Amino acid sequence: MKAQTEQRTGLLYGFGAYGMWGLVPLFWPLLKPSGAIEILAHRMVWSLAVVGVALLAMRRWGWIRELLRRPRKLALTGLAASVISVNWGLYIWAVNNGAVVEASLGYFINPLVTIAIGVLVLGERLRRAQWAAVGIGVAAVLVLAIGYGRPPWISLVLAFSFAAYGLIKKKLNMGGVESLAAETALLFLPALGYLLWLGAQGRSTFALDDPGHAWLLAATGLVTAIPLICFGAAAIRVPLSTLGLLQYLAPVFQFGLGVVYFYEAMPPERWAGFSLVWVALALLTWDALRTARRSRARLAEAGASAATDATGVIAAGEAAVAAEVAGGAEVAGAVHGAPEPPPTVATPAREPA
């Protein structure tokens, strides 16, 4: 019962995280006339403030000393911070320049790019269904390039930067809040310096007459940190296969907003390209679910076999103990001159569970 409650709670956290990431295109236009780089700098500065409060509440500080003692890990953290800055900045720019649909495509093709990086960088081997999905994804990009009249560079940069970020995070193996704190701490001084320079140039929008605009810029920290905290809460409560399916919620919401709310054009060739991407993702998801089901079946079979073997060992051990007890009784009877040993009752063997 408790496990079911935890899983339901995890699903709610997962829906919350990916739902907020999917609806975030509604937030960035509210920050105009701020430019993408100024918004990004505010996002870095205020995110550190938010995660700092979260770490203070959770009293998690030991990781800082460990990170500072490991230069390679610190360098990887800096690289992760740089890569995610490119991702964040380009995404904000795309949303505020009428490219929400193309930005959503980047997160649709991200799983395919992640698989490709696994092959090229980590030397992983793909199953036939995964190769087919990657091939369909490449065809989709070609179709979209024809439709756009250019390669969908926003989508490709977002997909590759986020896939590279995931690879670096895999190497780092840090918690979500801790890694965000470390990354934003490394970016804090450059971001703050840029904001101070903008202010000195009289180009900062933070000090506009509208105090609501300043509050919205400060809220970028919450917009960044809250979905990540919800994601972390979901990750420890639901299986990774479930999280893998939930991740498609964000680009689905973004695509829907781009078409329905922002009225971005979707000519037939773009529908064709997106349809190919969705076919590739459906194939990838089917293969992942099938593989997970087979893995669970093999684990269950191995567990049942181990239980059977253990039952046999227990039964043999109990029989040996009974025989030893009986033998001991006979010896005792012979030593003390007893008329005969007490009758031995054999212990029945347990049936396999």
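Predicted model only: the values in this text are computed from it and were never measured.
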I need the minimum non-hydrogen distance between [X] and [Y], along with the two atoms involved.
X: A17; Y: P227; answer: CB-O, 3.4 Å
X: V45; Y: A191; answer: CG2-CB, 3.9 Å
X: A225; Y: L180; answer: CA-CD2, 4.4 Å
X: V277; Y: A140; answer: CG2-CB, 3.4 Å
X: A280; Y: A133; answer: CB-O, 3.4 Å
X: T220; Y: T224; answer: O-OG1, 2.9 Å

Before giving the answer on side-chain contact (heavy atoms from CB on, under 4.5 Å), spell out for L90 and W153 the whole-Å C-alpha distance, their side-chain angles and the decisive distance to 0.1 Å. CA-CA 11 Å; L90 180 58; W153 66 271; 3.8 Å; yes
Within this structure, what is the [atom1]-[atom2] distance for the pair [X] and [Y], rounded to the nearest 0.5 Å?
X: M44; Y: L192; atom1: CE; atom2: CG; result: 12.0 Å
X: F160; Y: N110; atom1: CZ; atom2: CG; result: 10.0 Å
X: L283; Y: R128; atom1: CG; atom2: CZ; result: 11.5 Å
X: W28; Y: N96; atom1: CH2; atom2: CG; result: 9.0 Å
X: L76; Y: S179; atom1: CG; atom2: OG; result: 12.5 Å
X: L196; Y: Q201; atom1: CG; atom2: CD; result: 12.0 Å

Can you label the angle between the F255 ring and the F274 ring as parallel, tilted or perpendicular, going by 30° and 60°?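 Rings of F255 and F274: tilted, 30 to 60°.
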Crowded around [X] [atom1]? As in, over 12 foreign heavy atoms under 6.0 Å?
X: Y165; atom1: OH; value: yes
X: W197; atom1: CH2; value: yes
X: K32; atom1: NZ; value: yes
X: L12; atom1: CG; value: yes

Do [X] and [Y] touch side chain to side chain, with heavy atoms closer than 4.5 Å?
X: S155; Y: F108; answer: no
X: P25; Y: Y91; answer: yes
X: H213; Y: P33; answer: yes
X: P29; Y: V95; answer: yes
X: F162; Y: I84; answer: yes
X: I92; Y: R43; answer: yes
X: L156; Y: I109; answer: yes
X: Q247; Y: P111; answer: yes

Same hydrophobic cluster for [X] and [Y], using side-chain heavy-atom links shorter than 4.5 Å among ILVMFWY?
X: V51; Y: I64; answer: yes
X: V50; Y: L31; answer: no
X: Y107; Y: L276; answer: no
X: I229; Y: W63; answer: yes
X: L30; Y: F262; answer: yes

Keeping [X] on the side-chain end and [Y] on the backbone end, is there a donor-acceptor pair under 3.5 Å?
X: S82; Y: G78; result: yes
X: R70; Y: E66; result: no
X: R270; Y: G147; result: no
X: W46; Y: L222; result: no
X: E264; Y: V100; result: yes

Ring centres under 6.0 Å, that's the criterion: do Y18 and W21 meet it? yes
Going through the distances and angles, do L195 and F206 end up as a side-chain contact (heavy atoms from CB on, under 4.5 Å)? CA-CA 9 Å; L195 292 176; F206 186 75; over 6 Å; no
Pair W93, I154 - check side-chain contact (heavy atoms from CB on, under 4.5 Å), show working. CA-CA 10 Å; W93 180 89; I154 294 175; 3.7 Å; yes
Pair R150 + E102: basic N to acidic O under 4.0 Å: yes
Audit row: E269, I146, side-chain contact (heavy atoms from CB on, under 4.5 Å) steps and yes/no: CA-CA 8 Å; E269 56 271 20; I146 295 171; 5.8 Å; no
